[in-house]
Amino acid sequence: MAGSSTDKDGTEQVIMLERRGRVAWITLNRPDAMNSINNAVRDQLPKAVRDADSDPEVRVIVLRGAGPRAFCAGADIKEFSASVPAIQRRQTLVHDAWIEAIDRARKPVIAAIHGFCLGGGLEIAVACDIRIAARGSTLGFPEVGLGLITGAGGAPKFLRIVGLGRAMDMMLTTERIAAEEAHRIGLVSRLADSDKLEEEVTKVAEKIASLPPLSVEFAKEVIKKGFDSDLATASRLEGDLFALLLTTNDRLEAAAAFKEKRSPKFTGS
Ligand code: DAK
């Protein structure tokens, strides 16, 4: 991948969206700056995620970083030039909701992590539903050492994934961990050799894409809501979504295919 380009109105193109069959690949494309998050990324990433999520041909979204060195090395530190008055900071909060496009995606989002995955890059990764990391990658939250804390929902999501003790340890010490340790603590669910990352991610994405889309969507919804609400509320939602799935063609198709010993053809209806 060549790195970002500039379009005719002078805007730096830092996000690439490519559809391969039923999988949308979204690439952070600033390899010379370790795919760090500048204002152009904050502008363009949400649109790419929303476009992929609303594309009826797409079943799964993958986020990855361009170049050999990083998924994403966090916020672009070269943009951290002047201190920001609180009122100005407050006024930019809407702009800062850039990561919510990932939170809100109905389709599963997979982070394909290689190289450095730091700070805001790890915030992006923990906003995704599934994280797959290449051996040799390095993950961490350097924010506290820069006089900051995570600012895009990273801490609450991270502690839900790894637990309070691990979250405190990693965020307060700012120590980075290797992919193997990230796998051991459940921060990533799969590891791949670095030259096999794309293959492994494709395999997982294609597996999900082959399943009934509404079941996938509702399973994701109930798992996410299960984190944020009490057991009774989440169980009720699960029951309601289960009942809805009983009315779908894909459920009947799955049962018919089983009886007829053939592969099912799911339509998302
Ligand atoms: N920003 C800008 N450029 C970066 C960068 C970054 N985060 N990380 C790396 N680069 C650039 C380097 O400057 C260098 O560029 P040149 O000098 O070649 O032009 C190139 O990438 C290669 O980096 P290194 O030469 O440093 O390579 P090394 O292998 O020696 O080190 C490294 C790799 C990733 C360990 C190191 O570059 C590093 O420590 N990078 C910084 C990591 C970091 O601290 N990231 C920021 C975390 S704080 C906000 C919301 C969220 C956030 C902030 C604001 N708002 C709502 C406003 C989030 C904050 C963070 O993410």
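One-based numbering, in listed order, for ligands and for the atoms of each.
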Trace of the salt bridge (charged side-chain N to carboxylate O under 4.0 Å, His left out) decision for Glu57 with Arg22: CA-CA 6 Å; Glu57 301 299 318; Arg22 295 175 294 189; over 6 Å; no
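The ligand atoms of ligand 1 that sit less than 4.0 angstrom from a heavy atom of Leu146 are 44 (O), 46 (C), 47 (C), 48 (S). For ligand 1, the atoms sitting less than 4.0 Å from at least one non-hydrogen atom of Asp76 are 1 (N), 2 (C), numbered in the order shown with element in parentheses. Close approach of ligand 1 to Gly119 (heavy-atom distance below 4.0 Å) involves ligand atoms 61 (O). Remark: ligand 1 atoms within the under-4.0 Å shell around heavy atoms of Pro142 are 43 (C), 44 (O), 47 (C). Of all atoms in ligand 1, listed by their number and element, those nearer than 4.0 Å to a heavy atom of Gly120 are 60 (C), 61 (O).
Here the straight-line distance linking atom CD of Glu217 with atom CG of Leu241 works out to 9.0 Å at 0.5 Å rounding.
Within a 6.0 Å radius of CD1 in Ile149, no more than 12 heavy atoms belonging to other residues, nucleotides or ligands are found. Within a 6.0 Å sphere centred on NZ of Lys224, other residues, nucleotides and ligands contribute more than 12 heavy atoms.
Selection from Cys117, Gly74, Ala33 by nearest heavy atom to atom 4 (C) of ligand 1 gives Ala33. Closest to atom 9 (C) of ligand 1 by heavy atom, among Lys78, Arg176, Met34, is Met34. Relative to atom 54 (C) of ligand 1, the option among Arg42, Arg69, Glu143 with the closest non-hydrogen atom is Arg42. Taking all heavy atoms of Leu148, Ile77, Thr174 into account, the minimum distance to atom 44 (O) of ligand 1 is reached by Ile77. With atom 53 (C) of ligand 1 as the reference point, the heavy atom nearest to it among Ala73, Ala70, Ala75 is part of Ala75.
Both tests pass for Arg20 against the ring of Trp25: distance under 6.0 Å to the centre and angle within 45° of the axis.
For the side-chain hydrogen bond (donor to acceptor under 3.5 Å, both in side chains) test, no residue two or more places apart in sequence or in another chain qualifies with Asp195.
Lys203 has a carboxylate O that lies under 4.0 Å from a charged side-chain N of Glu200, or vice versa, which qualifies the two as a salt bridge. For Glu180 and Arg135, the salt-bridge test passes: some basic side-chain N is under 4.0 Å from an acidic carboxylate O.
Contact analysis puts Asp32 in contact with ligand 1, with a non-hydrogen atom separation below 4.0 angstrom.
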